[in-house]
Amino acid sequence: MSEETWSKVDRYFEELLLGEQPALDAALRETETVGLPAISVSPLQGRFLTFLAQSMGARRILELGTLGGYSTICLAAALPNDGLLVSLEVDPKNAEVARRNLERAQLHDRVEIRVAPAIETLPQLVRENAGPFDLIFIDADKESYADYFPWALKLARPGTVLLADNVVRKGEIIDAGNNDARIQGARRFNALVAAEPRVRATAMQTVGCKGYDGFLLAVVQ
Ligand code: SAH
Ligand code: DHB
Ligand code: MG
């Protein structure tokens, strides 16, 4: 089974199930045209994000790692008119692209992008009493997932869902000796989640046009 097959199957389901999604398609095109890396969640994963937020009736969502705002649009699309998504992004250029994409999707009224290292914005959100968030999507620098987790917990309530992207990385996650800081970061994060009595977690391996990776899903008890 090859990456080529996974991509073809992704394309098959995209055409079959997603069809035209003008704002989302434009956001992805724009993200790639301006030269941002092709690391947004895939279109099928994006719809999964929408469904997750929708099915739990999320009103307040926190995202770490905006990039061009593709996942942001998917999540914000599930919010009611008076809902709020706060997205943390370190790169002002990415935030600008995301703002344009959100405007085109007419979701900018319920999204706030905070431009700073997430490790600075998270304590600020706690000080502002910005929580609790119903859903927290962790997708910024993998090196720091473990540092973000305690702050995510402070901004959560019982029932909050934490979703973390890229915790499998072609299976490299099981290699304790791997010295890639991103793998070490994800391993530290997974271990912290496992050791935290306030959450129960599971992991979903994924294949598709982004290769072989996966999500960790945790629910605060
Ligand atoms: N969630 C996006 C993809 C995010 S890619 C989507 O699926 O559409 C990861 C993003 O995290 C990049 O835009 C990167 O600039 C941002 N990032 C990296 N380090 C960060 C940090 N320390 N704080 C906040 N954002 C960071
Ligand atoms: C990569 C993929 C991602 O989903 C992400 O958030 C960051 C990097 C990657 O494949 O390199
Ligand atoms: Mg990701």
Side-chain angles (χ1 to χ4, degrees), residues 3 6-7 10 21 23-50 52-53 61-77 85-102 104-105 107 111-125 135-149 151-152 162-173 178 180-183 185-186 189 203-217:
E3 297 228 7
W6 304 338
S7 290
D10 253 19
Q21 308 188 93
L24 278 169
D25 297 344
L28 211 49
R29 261 200 317 277
E30 178 74 7
T31 299
E32 292 177 18
T33 306
V34 301
L36 297 186
I39 56 175
S40 312
V41 293
S42 74
L44 292 166
Q45 291 173 345
R47 184 164 280 184
F48 166 71
L49 295 186
T50 307
L52 181 65
I61 300 174
L62 175 63
E63 173 179 71
L64 281 63
T66 318
L67 194 69
Y70 188 82
S71 58
T72 320
I73 294 174
C74 295
L75 291 167
L85 185 153
V86 179
S87 188
L88 315 187
E89 172 57 52
V90 73
D91 187 330
K93 290 196 292 286
N94 296 0
E96 241 351 277
V97 177
R99 285 194 183 104
R100 278 205 304 279
N101 284 331
L102 282 156
R104 195 187 298 105
L107 290 166
V111 176
E112 203 183 294
I113 302 176
R114 302 260 191 126
V115 183
I119 202 62
E120 291 172 16
T121 311
L122 287 164
Q124 197 174 322
L125 290 171
L135 173 61
I136 302 180
F137 179 44
I138 304 179
D139 195 23
D141 52 319
K142 319 306 161 198
E143 295 86 337
S144 308
Y145 276 26
D147 304 323
Y148 299 150
F149 179 60
W151 291 106
L162 308 181
L163 177 68
D165 193 19
N166 311 115
V167 299
V168 174
R169 304 307 293 241
K170 300 187 201 303
E172 290 177 76
I173 196 68
N178 189 306
D180 183 329
R182 294 167 300 184
I183 302 295
F189 170 76
M204 304 270 289
Q205 301 187 63
T206 57
V207 294
C209 59
K210 291 187 70 186
Y212 169 37
D213 214 322
F215 293 107
L216 183 140
L217 264 156

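Counting convention: from 1, in listed order, for ligands and their atoms alike. Side chains are part of it too, since the values below use all heavy atoms of this structure and drop only hydrogens, waters and symmetry mates. Values in this document were obtained by computation on a predicted structure and should not be read as measured data.
Short contacts between ligand 1 and A140, defined as distances under 4.0 Å to a heavy atom of the residue, involve ligand atoms 11 (O), 25 (N), 26 (C). Heavy-atom contacts of G65 reach the following atoms of ligand 1: 1 (N), 2 (C), 4 (C), 10 (C), 11 (O) (cutoff under 4.0 Å). Listed by number with element, the atoms of ligand 1 under 4.0 angstrom from any heavy atom of Y148 are 21 (C), 22 (N), 23 (N). Distances below 4.0 Å separate heavy atoms of K210 from the following atoms of ligand 2: 2 (C), 3 (C), 4 (O). Residue P117 has at least one heavy-atom neighbour below 4.0 Å for each of these atoms of ligand 1: 23 (N). Atoms of ligand 1 lying under 4.0 Å from at least one heavy atom of I39, given by number and element, are 5 (S).
For S42 (side chain) and Q45 (main-chain N/O), a donor-acceptor pair under 3.5 Å exists by modelled atom type. Looking at K210, its side chain does come within 3.5 Å of a backbone N or O of S40 through a donor-acceptor pair. The backbone N or O of C209 sits less than 3.5 Å from a side-chain atom of D10, completing a donor-acceptor pair. Listed for the D213 side chain is a donor-acceptor partner under 3.5 Å among the backbone atoms of V168. In this structure a side-chain-to-backbone donor-acceptor pair under 3.5 Å is present from D180 to R182.
Residue-level proximity to ligand 1 for T66 is carried by the backbone, the only part with a heavy atom below 4.0 angstrom. Heavy atoms from both the backbone and the side chain of I39 come within less than 4.0 Å of ligand 2. Here N94 has side-chain heavy atoms under 4.0 Å from ligand 1, and that is the only part of it that gets that close.
The shortest side-chain heavy-atom distance between R114 and E120 does not fall under the 4.5 Å cut-off.
Counting protein heavy atoms only, atom 7 (O) of ligand 1 is closest to V41 N, 2.8 Å. If you check which protein heavy atom lies closest to atom 9 (C) of ligand 1, you get D139 O, 3.2 Å. For atom 14 (C) of ligand 1, the nearest non-hydrogen atom of the protein is E89 OE2, 3.5 Å. In this structure, the protein non-hydrogen atom closest to atom 5 (C) of ligand 2 is N166 OD1, 3.2 Å. Protein heavy atom closest to atom 26 (C) of ligand 1, with residue, atom name and distance, is V90 CG1, 3.6 Å. With hydrogens left out, the protein atom closest to atom 21 (C) of ligand 1 is D141 OD1, 3.4 Å, a heavy atom. Here the protein heavy atom with the shortest distance to atom 23 (N) of ligand 1 is A118 N, 2.9 Å. In terms of protein heavy atoms, atom 6 (C) of ligand 1 is closest to S71 OG, 3.0 Å.
Backbone and side-chain nitrogen or oxygen atoms of D165 are examined, and one is located within less than 3.5 angstrom of a nitrogen or oxygen of ligand 2. Residue L67 places at least one N or O, backbone or side chain, under 3.5 Å from an N or O of ligand 1.
Applying the 6.0 Å contact sphere to CZ of R99 captures more than 12 heavy atoms from other residues, nucleotides or ligands.
In this structure, CG in D25 is found 13.0 Å from CD in E30, a value given to the nearest 0.5 Å. Note that CD1 of I183 and CD1 of I173 are 5.5 Å apart. Values are rounded to the nearest 0.5 Å. To the nearest 0.5 angstrom, W6 atom CH2 is 9.5 Å from T206 atom OG1.
Applying the side-chain contact (heavy atoms from CB on, under 4.5 Å) test between L64 and each of L122, D139, V86, T121 identifies L122 as the sole match. Across I138, L49, L75, a single residue satisfies side-chain contact (heavy atoms from CB on, under 4.5 Å) together with L163, and that is L49.
Heavy atoms only, all atoms of each residue included: A98 and I113 are closest at CB-CD1, 3.7 Å. Minimum interatomic distance between A140 and Y148 (heavy atoms only, all atoms of both residues): CB-CE1, 4.1 Å.
The Mg ion (ligand 3) is the vertex of the angle joining OD2 of D165 and OD1 of N166, which measures 90° to the nearest 10°.
Looking only at its N/O/S atoms, D139 has OD1 as the one nearest to the Mg ion (ligand 3).
Of the listed residues (K170, K142, R182), the one carrying the non-hydrogen atom nearest atom 7 (C) of ligand 2 is K142.
In this structure, R169 is part of the shell of residues with a heavy atom less than 4.0 angstrom from ligand 2.
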